[in-house]
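Reviewing the structure listed below.
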Amino acid sequence: LSSPHRHTDASRILKAQFSFLWPAVIDVGESAASDGKVPPPPTIAAFREKVKTLHFSNGADKPVVAGLYEKMLRAALGGSTELSFMQAGWGDAEAVAFAESLPLCTRLEGLNVVGNKIGNEGLTALARALADGAAPKLNKVELDQNDFSGADEGLRLLGQAKLPALENLQLSNCNFNLATLAEGMQAGAWPSLEQLWMINNKQA
């Protein structure tokens with residue numbers, strides 16, 4: 001493979017790794033971007049576009065490579081019960097990109113994006129994916145230490161999302177008005193909820 005980078009996302013190996021990384025994969029090249037971010041796995045559509053720009057010295061068929069990545073991603077995300085992107089340097093762009101792949105997470109039970117810089121756009125994308133039925137087995141969502149001070153749309157959508165398996169939702173230290181989430185909450189939307197953590201946020 002000849003490209004500006006020495007590897008592609010398809011060169012990742014399915015293997016458990018440190019808890020603060022995506023546990024389904026490790027990267028056999030650089031472990032993180034130069035800015036310290038641990039990016040979400042590229043979406044299937046994004047990888048198909050990326051592979052068009054690469055040159056394969058062995059003449060490999062680009063659609064074949066894209067197909068292999070799709071199979072890998074579906075297997076990795078579809079088989080994961082827990083995903084952690086804690087303190088991964090994520091902003092809205094990364095959360096939006098991951099939300100596109102969230103429907104592949106059919107067995108996911110726990111999602112951790114604590115300590116990032118996700119705002120309204122990212123939270124809205126994640127909440128919309130969940131509202132549309134992604135990750136139906138999700139029972140624990142950790143969103144602590146993101147800045148949702150202007151995330152009214154995302155918070156209302158999260159409150160409206162019907163999450164039948166959700167037992168534990170963590171929203172501490174997110175700098176949002178508690179009334180905003182309450183405005184969107186629907187009776188019966190979270191029938192299994194046992195723990196809701198909202199420490200150090202704004203009162204109504």
Side-chain angles (χ1 to χ4, degrees), residues 1-130 132-135 138 141-143 146 154:
L1 174 64
S2 174
S3 75
H5 303 285
R6 295 182 180 179
H7 66 283
T8 71
D9 298 285
S11 68
R12 294 179 178 182
I13 301 172
L14 300 180
K15 184 177 180 181
Q17 182 62 336
F18 303 109
S19 62
F20 55 86
L21 296 178
W22 180 31
V25 300
I26 61 171
D27 197 326
V28 296
E30 297 172 310
S31 60
S34 58
D35 58 5
K37 288 185 178 181
V38 178
T43 65
I44 293 170
F47 188 84
R48 287 189 179 278
E49 290 301 312
K50 180 178 180 180
V51 81
K52 293 177 182 178
T53 69
L54 302 179
H55 172 70
F56 297 90
S57 56
N58 63 357
D61 190 2
K62 294 179 181 180
V64 171
V65 174
L68 289 173
Y69 176 78
E70 179 175 350
K71 289 181 180 179
M72 183 195 74
L73 188 64
R74 289 185 181 278
L77 292 184
S80 295
T81 57
E82 294 188 13
L83 293 175
S84 177
F85 295 99
M86 182 178 181
Q87 297 179 347
W90 281 21
D92 283 332
E94 289 77 18
V96 169
F98 178 69
E100 189 173 333
S101 297
L102 199 53
L104 301 180
C105 301
T106 55
R107 298 182 183 179
L108 189 64
E109 298 176 3
L111 176 62
N112 183 335
V113 291
V114 172
N116 287 292
K117 298 178 180 179
I118 300 172
N120 183 60
E121 186 179 359
L123 180 61
T124 298
L126 292 171
R128 180 170 290 116
L130 294 174
D132 288 342
L138 196 61
V141 181
E142 298 174 80
L143 296 164
N146 285 282

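Values below: every heavy atom of this structure, side chains too, minus hydrogens, waters and symmetry copies. All figures in this text were calculated on a predicted structure; none of them were measured in a lab.
- Residues Val141 and Leu126 form no side-chain contact, since every pair of their non-hydrogen atoms from C-beta on lies 4.5 Å or further apart.
- Annotation for Ala129 and Ala99: closest pair CB-O, 3.8 Å, computed over non-hydrogen atoms.
- Taking CZ of Arg128 as the start and CG of Leu102 as the end, the distance is 13.0 Å to the nearest 0.5 Å.
- Between the side chain of Lys117 and the main chain of Gly91, no donor-acceptor pair closer than 3.5 Å is present.
- Using a distance-only test at 3.5 Å, with no hydrogens or angles considered, no donor-acceptor pair links the side chain of Trp90 to the main chain of Lys37.
- Minimum interatomic distance between Arg48 and Glu70 (heavy atoms only, all atoms of both residues): NH2-OE1, 2.7 Å.
- Looking at every heavy atom in both residues, Asn146 comes nearest to Gly115 through ND2-N, 4.2 Å.
- Closest heavy-atom contact between Leu104 and Ile44: CD1-CD1, 4.3 Å.
- Listed for the Asn116 side chain is no donor-acceptor partner under 3.5 Å among the backbone atoms of Ala95.
- The CZ atom of Arg74 sits 9.5 Å away from atom OG of Ser101, with the distance rounded to the nearest 0.5 Å.
- Residues Leu143 and Ile118 form no side-chain contact, since every pair of their non-hydrogen atoms from C-beta on lies 4.5 Å or further apart.
- No side-chain heavy atom of Met86 sits under 4.5 Å from any side-chain heavy atom of Glu142.
- Within a 6.0 Å radius of CD in Glu109, other residues, nucleotides and ligands contribute more than 12 heavy atoms.
- Summarising the geometry, atom CE belonging to Met72 is positioned 8.5 Å from atom CG belonging to Leu77; distances are rounded to the nearest 0.5 Å.
- Taking each heavy atom of Ala45 and Glu100 in turn, the nearest pair found is CB-OE2, 4.2 Å.
- Contact annotation: the side chain of Phe98 approaches that of Leu111 to within less than 4.5 Å [non-hydrogen atoms, C-beta and beyond].
- Side-chain atoms of Tyr69 come within 3.5 Å of backbone atoms of Pro42 as a donor-acceptor pair (strictly under, hydrogens ignored).
- Nearest heavy atom pair, residue Gly119 against residue Asp92, reads N-OD1, 2.7 Å.
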